[in-house]
Amino acid sequence: MELSAYGRRLLRDSGARSLMADLGAVAEAGGDIMNLGGGTPSLIPAAEAVFRRHMQRLLQPGGAFGRAIGTYGGPDGDRGFARALAALLRRELGWAVGPRNIALTNGSQSAFLALFNLLAGPAGGGRPARRILLPLAPEYIGYADVGFAPGLFTSRRPAIHDLGDRLFKYGVDFEGLDAIEDIGAICLSRPTNPTGNVVTDAEVERLRAAARARGVPLILDTAYGSPFPGIVFGDATPVWDEHTVVCMSLSKLGLPGLRTGIVIANEAIIEALVAATAIFCLAPGSLGPALATDLVASGEVLALARDVVRPHYAARARRAVDRLRAGLEAYDVRIHKPEGAFFLWLWMPGLPITNGALYERLKARGVIVVSGHYFFPGLEDDDWPHKRECIRISYADDWGRIERGLDIIADEVRRAYDGGAAVHRPRSGS
């Protein structure tokens, strides 16, 4: 079998492929693997009880279950859900949106596949190809390989701010940003996957201005953000206008198996996205929107995010940071300040082995993480040591397995420093 150039690219080593293979192995092994790798959300009993109640409502005589599983919807997705969401966004956030500003997809990944290739790639007519600008890398692993043509992304190294107490924070480095040419859209995740970074309101406003000046959209991936699932531990103002595309999801609320992505944009972008959905997959699935329509229409989804989902992950973040700090107290390693999502981003300056090798050592001990080198789309040709010094750690799984996994991570990092080519680097004053 001879594959196309695109087919060969799909078969190469990629972060998304590696990650999903690991998640499949975790599912197959049951509780024998410590899953600190994937983006699977926690099974929160209080949230699951809410979902069960709404599912039971669907199953009642006269409920929407039969329609949800037995009929095709339109390529723009369930319109009842779109109306409910538009009303919530107008009421709670003051966004001037209607149902025609909302399209559903089979998960966020499907939305990015369509949006990025609609807005960037070969332009035709002798014009240069356009790219997606990621103003702050590391960025979401799922962006990297969705381009039909190679070279779809250009990215920026971040500014790195030392916060003390072995915490740091990435920021957008705006110097020279306006000089980057041939941009079809600017995109960032907020909170950022993989780091838990929440780009500040001031940075978002500067990026919105930069996008407007170029006449291109700013895509905000809020799969972990506001208004739901609301996994944001500080202040972050949700924003939308005609020049902004907001991508949401039901996954991190606790419904990843229902594969429901949500895109909010101006009508021209929605029309193009809906055309792509019709061609790629005919129509998005209906069960997720059917389950969530009353949850959204009543506003219960906001209370669920505020009172159940966010406190769960905020408490997990504090405990995970404390445990990792304790295990690596004598070593000069740093953790990105967890401001949202459910990941820790561990930076190990001068690590004597690569993060890929550390991943393999951990996997051999039953601990799954994600090597950080996958999270730099658009910087593949940049030989920046930082890319080889970080790993992403999820704290969403069973807490007992998380604790054991964090202890093994700390042990392997200590072994790497003490047994590698670089010398053990104690922290100042230790």
### Message
In this structure, is the centre-to-centre distance between the rings of Tyr374 and Phe376 below 6.0 Å?
### Response
no
### Pairwise side-chain contact, Leu253 with Pro41, heavy-atom cut-off 4.5 Å (strictly under)
no
### Query
Quick one: do Arg208 and Asp241 make a salt bridge, cutoff under 4.0 Å?
yes
### Task
Before accepting this row, confirm whether a basic side-chain N of the pair Asp411/Arg414 lies closer than 4.0 Å to the acidic partner's carboxylate O.
yes
### Aromatic ring proximity Phe168/His336, centre distance under 6.0 Å
yes
### Query
Take atom CD in Glu360; do more than 12 heavy atoms of anything else shown fall under 6.0 Å from it?
yes
### Task
Kindly determine whether Met348 and Leu358 satisfy side chain to side chain contact (heavy atoms under 4.5 Å, CB included), including the steps that lead there.
CA-CA 11 Å; Met348 300 156 285; Leu358 179 61; 3.8 Å; yes
#### Entry: side chain to side chain contact (heavy atoms under 4.5 Å, CB included) evaluation trace for Arg157 with Trp384
CA-CA 9 Å; Arg157 291 189 188 184; Trp384 184 26; 3.5 Å; yes
### Message
Please check: side-chain N/O of Lys169 versus main-chain N/O of Val198, any donor-acceptor pairing under 3.5 Å?
### Response
yes
### Task
Report the distance from atom NZ of Lys337 to atom CD1 of Ile335, rounding to the nearest 0.5 Å.
13.5 Å
### Task
Evaluate the ring planes of Tyr143 and Tyr140, with Trp represented by its six-membered ring, and classify them as parallel (under 30°), tilted (30 to 60°) or perpendicular (over 60°).
perpendicular
### Query
Is there a side-chain contact between Pro229 and Lys252 (heavy atoms, below 4.5 Å)?
yes
### Message
Go through it in stages, so that I can follow the logic: the residues are Arg323 and Asp407, the test is side chain to side chain contact (heavy atoms under 4.5 Å, CB included), and I'd like the CA-CA distance, side-chain angles, deciding distance and then a yes or no.
### Response
CA-CA 8 Å; Arg323 196 167 190 97; Asp407 291 344; 2.9 Å; yes
### Task
Answer with yes or no after comparing the ring centroid distance for Phe153 and Phe116 against a 6.0 Å cut-off, counting only values under it.
yes
### Message
Tell me if the CD1 atom of Ile160 is crowded by more than 12 foreign heavy atoms within 6.0 Å.
### Response
yes
### Query
With the threshold set at 4.0 Å, does a side-chain nitrogen-carboxylate oxygen contact exist between Asp162 and Arg334?
no
### Query
Can you check whether Ile231 reaches His312 side chain to side chain, under 4.5 Å on heavy atoms?
no
### Query
For the side chain to side chain contact (heavy atoms under 4.5 Å, CB included) test, which of Val172, Leu134, Leu207, Ile219 pairs with Leu188?
Leu207
#### Entry: Interatomic spacing from CG in Leu220 to SG in Cys187 - rounded to 0.5 Å
8.0 Å
### Message
If we ignore hydrogens and angles and just use 3.5 Å, is the side chain of Ser249 paired with the main-chain N or O of Gly261 as donor and acceptor?
### Response
no
### Query
What's the shortest heavy-atom distance between Phe342 and Ala396, and which atoms?
CD1-CB, 3.8 Å
### Task
Check whether any side-chain N or O of Arg131 sits under 3.5 Å from a backbone N or O of Glu181 as a donor-acceptor pair, and report yes or no.
yes
### Message
With a 3.5 Å distance limit and no angle check, can you tell me whether Arg190 reaches the backbone of Val199 through a side-chain donor-acceptor pair?
### Response
yes
### Query
If you look at every heavy atom in Gly299 and Leu88, which pair is closest and at what distance?
CA-CD1, 4.2 Å
### Task
Could you tell me whether a side-chain N or O of Asn355 sits under 3.5 Å from a main-chain N or O of Lys387, the two making a donor and an acceptor?
yes
### For the student: nearest non-hydrogen atoms of Ala86 and Pro99, plus distance
CB-N, 3.9 Å
### Expected output: side-chain Arg100 to main-chain Val97 donor-acceptor under 3.5 Å
no
### Query
Hey, what do you get for CD1 (Ile183) to CD1 (Ile132), rounding to the nearest 0.5 Å?
8.0 Å
### Task
State, yes or no, whether a side-chain contact exists between Phe81 and Leu104 at a heavy-atom distance under 4.5 Å.
yes
### Task
Only one of Val232, Val246, Thr237, Leu93 passes side chain to side chain contact (heavy atoms under 4.5 Å, CB included) with Ser226; say which it is.
Val232
### Query
Would a 4.5 Å heavy-atom cut-off, applied to side chains only, mark Pro191 and Glu339 as touching?
no
### Message
Assess whether a salt bridge exists between Asp76 and Arg79, defined as any Lys/Arg side-chain N lying under 4.0 Å from an Asp/Glu carboxylate O.
### Response
yes
### Task
Quick one: pull up CD1 in Ile391 and CZ in Phe375 and give me the separation to the nearest 0.5 Å.
10.5 Å
### Student check: side-chain heavy atoms of Thr293 and Arg83 closer than 4.5 Å
no
#### Entry: Student check: side-chain heavy atoms of Ile402 and Met34 closer than 4.5 Å
no
### Query
Is Asp397 salt-bridged to Arg401, going by a charged N under 4.0 Å from an acidic O?
yes
### Task
Give a yes or no on whether the ring-centroid distance for His373 and Tyr359 is below 6.0 angstrom.
no
### Query
Can you check whether Gly405's main-chain N or O pairs, donor with acceptor, with Arg365's side chain at less than 3.5 Å?
no
### Task
Using modelled atom types only, decide if a donor and an acceptor are shared between the side chain of Ser394 and the backbone of Leu36 within a distance under 3.5 Å.
no
### Query
From Glu389 CD over to Trp347 CH2, what is the distance, rounded to the nearest 0.5 angstrom?
7.0 Å
### Query
Given Leu113 and Phe280, is the side chain to side chain contact (heavy atoms under 4.5 Å, CB included) satisfied, shown in steps?
CA-CA 10 Å; Leu113 172 68; Phe280 291 166; 4.2 Å; yes
### Query
If you take all heavy atoms of Gly288 and Thr260, which pair is closest and at what distance?
CA-OG1, 3.5 Å
### Message
Testing the 3.5 Å rule here: is there a donor-acceptor pair between the side chains of Thr192 and Glu139?
### Response
no
### Task
Could you give me the CA-CA distance, side-chain angles and deciding distance for Arg127 and Asp182, then say whether salt bridge (Lys or Arg N to Asp or Glu O under 4.0 Å) is met?
CA-CA 9 Å; Arg127 294 173 295 168; Asp182 305 320; over 6 Å; no
### Query
Backbone N or O of Gly285 within a donor-acceptor pair of the Asn106 side chain at under 3.5 Å?
yes
### Message
Tell me whether Arg206 forms a cation-pi arrangement with Phe174, defined as NZ or CZ under 6.0 Å from the six-membered ring centre and within 45 degrees of its axis.
### Response
yes
### Message
For Thr244, is there any backbone N or O sitting under 3.5 Å from a side-chain donor or acceptor partner on Trp240?
### Response
yes
### Of Asn197, Asn193, Thr195, Ile393, the residue whose pairing with Trp345 passes side chain to side chain contact (heavy atoms under 4.5 Å, CB included)
Thr195
### Query
Between the side chains of Ser251 and Arg259, is a donor N or O closer than 3.5 angstrom to an acceptor N or O?
yes
### Query
What closest approach, in Å, do Ala123 and Pro128 show between heavy atoms, and which atom pair accounts for it?
CB-O, 3.5 Å
### Query
Looking at Tyr395, does the NZ or CZ of Arg316 lie under 6.0 angstrom from its six-membered ring centre and within 45 degrees of the ring axis?
no
#### Entry: Exercise: identify the closest heavy-atom pair between Asp332 and Pro349
O-CD, 3.3 Å
#### Entry: Approximate separation, where rounding is to 0.5 Å, of Leu324 CG and Glu403 CD
12.5 Å
### Query
Are Leu344 and Leu346 close enough that some pair of their side-chain heavy atoms sits under 4.5 Å apart?
no
